[in-house]
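Given the structure is predicted, the values throughout are model-derived calculations rather than measurements.
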Amino acid sequence: MSEHSDIELDEPHEGPVEGDATPDEPTEEELRRRDAALAEVVVYGDPVLRSKASEVREFSQALREEADHMVAIMRDAMGVGLAATQLGVLRRMLVFQAGPDATPTALLNPVIEWSSADLATAAEGCLSLPRVIVDVERPLHVRVSGADIAGEPILIEASGLEARVLQHEIDHLDGVLILDRTERDQRKAALRALREGTSFTPFDEEAEDDDAEPEPAHEGG
Ligand code: ZN
C-alpha cells in the first residue's frame, strides 16, 4: 500500500530531507554558516559518494569528535541528517535530527532490521545534490539497530520523517543516492540539472503538465 506522507515540499513547515530543517527565514549569519558547512560536503560527481563505507570497530575519543563535527555541519547546513560518506569519510556513521526540536543523534554501523510494507512518497533533497529535489518512495516505518557513539547497542523505531532520514543516510553508507530511488523521468531531469548546474524539483514537471504556478524553490537540500 502506498500513501503520500506529510513531508512534501508544498507543506511550508516541512523541508525536504537534509534540507531546510528550520522553517524561519535564515539570517545573514545563518546563511554564512550554511555556506561554510556546505563547502565541507562532498557533492555529486565525487566517487566517494558511490563507495561503500566500512564498519566502525573502534569507539575512540576521535570518533566522538568526528560525530560532533558532523552534527555541527548538519546544523549549520540546516539539514536533518548527514552521513560520514558526505564528508569523504568511508565509515559507517551517520547523524540525524528529524526536526528542529529533536536531539541530534549519532548512529554507528546501522542496520535496517525491519521495514513496513506501508510505503510513502515524499520529496527529498540531499546536501550532496545541490538544487535537486526528487520524489522518493520508502517504507513509512523502520526498525534500525546499531551502536551509539560509545559503542553501546541501540535500537531505533522510527516513523515518518525520522524513518525517511535514517533510510536516506543508510543509503549513503552503501553508495546509494536518491537518484537511484526515484522514477526514471525525474532521475533524468535531475541528472541534467546537476550536469548543467541548474535546479530540478518535481514541481517543475507539474507546472509544465498542468500550467500551475511553480512552487518556490526551497533552500538547502
Ligand atoms: Zn543525502
Side-chain angles (χ1 to χ4, degrees), residues 15-22 30 32-115 124-130 138 142-159 161-178 180 220-221:
V17 165
E18 282 192 357
D20 216 12
T22 47
E30 285 168 340
R32 194 192 59 73
R33 290 170 75 109
R34 186 186 63 174
D35 287 348
L38 287 174
E40 291 199 42
V41 176
V42 172
V43 293
Y44 185 74
D46 190 314
V48 80
L49 289 175
R50 289 310 200 175
S51 306
K52 200 168 156 67
S54 310
E55 195 157 328
V56 176
R57 295 179 191 282
E58 209 177 310
F59 294 83
S60 60
Q61 180 59 28
L63 190 76
R64 199 176 284 265
E65 284 162 16
E66 211 172 296
D68 289 345
H69 181 61
M70 285 174 65
V71 167
I73 298 275
M74 171 179 68
R75 284 186 150 172
D76 286 352
M78 303 174 194
V80 290
L82 187 70
T85 309
Q86 292 179 279
L87 298 183
V89 177
L90 285 174
R91 201 168 282 156
R92 299 191 80 78
M93 167 155 77
L94 63 86
V95 295
F96 68 102
Q97 180 180 10
D101 300 325
T103 308
T105 304
L107 181 61
L108 294 304
N109 303 330
V111 174
I112 298 176
E113 302 287 351
W114 171 85
S115 52
E124 289 188 25
C126 178
L127 296 176
S128 295
L129 304 172
R138 298 189 189 273
V142 289
R143 187 182 305 129
V144 179
S145 68
D148 68 12
I149 196 64
E152 296 299 322
I154 46 176
L155 191 64
I156 299 170
E157 305 266 1
S159 294
L161 178 63
E162 188 174 56
R164 183 168 291 274
V165 174
L166 282 168
Q167 292 173 80
H168 179 119
E169 304 310 335
I170 292 169
D171 271 353
H172 272 304
L173 302 181
D174 292 321
V176 173
L177 299 170
I178 53 176
D180 310 319

Over all atoms of both residues, closest heavy-atom pair of [X] and [Y]:
| X | Y | answer |
| --- | --- | --- |
| A102 | A98 | CB-O, 3.7 Å |
| I149 | F59 | O-CD2, 3.6 Å |
| L161 | G99 | CD2-N, 4.4 Å |
| I178 | C126 | CD1-CB, 4.1 Å |
| G81 | V165 | CA-CG1, 4.0 Å |

E65: side chain to side chain contact (heavy atoms under 4.5 Å, CB included) partners, not counting sequence neighbours: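 Counting only residues at least two positions away or on another chain, E65 forms a side chain to side chain contact (heavy atoms under 4.5 Å, CB included) with Q61.
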
[atom2] on [Y] to [atom1] on [X], rounded to 0.5 Å:
| X | Y | atom1 | atom2 | result |
| --- | --- | --- | --- | --- |
| R50 | H172 | CZ | NE2 | 10.0 Å |
| D171 | R138 | CG | CZ | 5.0 Å |
| K52 | L90 | NZ | CG | 11.0 Å |

Please set out all donor-acceptor pairs under 3.5 angstrom arising from side-chain atoms of residues 104-112, sequence neighbours excluded.
{"unit_1": "T105", "atom_1": "OG1", "unit_2": "T103", "atom_2": "O", "d": "3.1"}
{"unit_1": "N109", "atom_1": "OD1", "unit_2": "V56", "atom_2": "N", "d": "2.8"}
{"unit_1": "N109", "atom_1": "ND2", "unit_2": "V56", "atom_2": "O", "d": "2.9"}

Partner residues of [X] under the side chain to side chain donor-acceptor pair (under 3.5 Å) criterion, sequence neighbours left out:
| X | value |
| --- | --- |
| E58 | none |
| R33 | D76 |
| S145 | E113 |
| S159 | H141 |

Any pair counted as salt bridge (charged side-chain N to carboxylate O under 4.0 Å, His left out), so long as it reaches residues 80-95, sequence neighbours left out: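 Salt bridge (charged side-chain N to carboxylate O under 4.0 Å, His left out) check on residues 80-95 returns E66-R91, R92-D174.
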
Pairs meeting criterion salt bridge (charged side-chain N to carboxylate O under 4.0 Å, His left out) with involvement of residues 150-159, two or more places apart: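 Applying salt bridge (charged side-chain N to carboxylate O under 4.0 Å, His left out) to every pair that reaches into residues 150-159, excluding sequence neighbours, yields R143-E157.
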
L177 backbone acceptor or donor facing D180 side chain under 3.5 Å: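 A pair under 3.5 Å: yes.
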
Check: A83 main-chain N/O paired with E169 side-chain donor or acceptor under 3.5 Å: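 Yes.
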
Any side-chain heavy-atom pair of L127 and Q86 under 4.5 Å: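 A side-chain contact under 4.5 Å exists here.
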
Residue pair V42 / T85, side-chain heavy-atom distance below 4.5 Å: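 Not touching, per the 4.5 Å side-chain cut-off.
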
Distance-only criterion, 3.5 Å: show the donor-acceptor pairs between side-chain atoms of residues 67-75 and protein atoms not counting sequence neighbours.
{"unit_1": "H69", "atom_1": "NE2", "unit_2": "E40", "atom_2": "OE1", "d": "2.9"}
{"unit_1": "R75", "atom_1": "NE", "unit_2": "Q97", "atom_2": "OE1", "d": "3.4"}

Residues that E162 engages under salt bridge (charged side-chain N to carboxylate O under 4.0 Å, His left out), provided they are two or more places apart: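 E162: no salt bridge (charged side-chain N to carboxylate O under 4.0 Å, His left out) contacts found.
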
Residues in salt bridge (charged side-chain N to carboxylate O under 4.0 Å, His left out) contact with R64, at least two apart in sequence or another chain: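 By the salt bridge (charged side-chain N to carboxylate O under 4.0 Å, His left out) rule, R64 matches no residue at all.
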
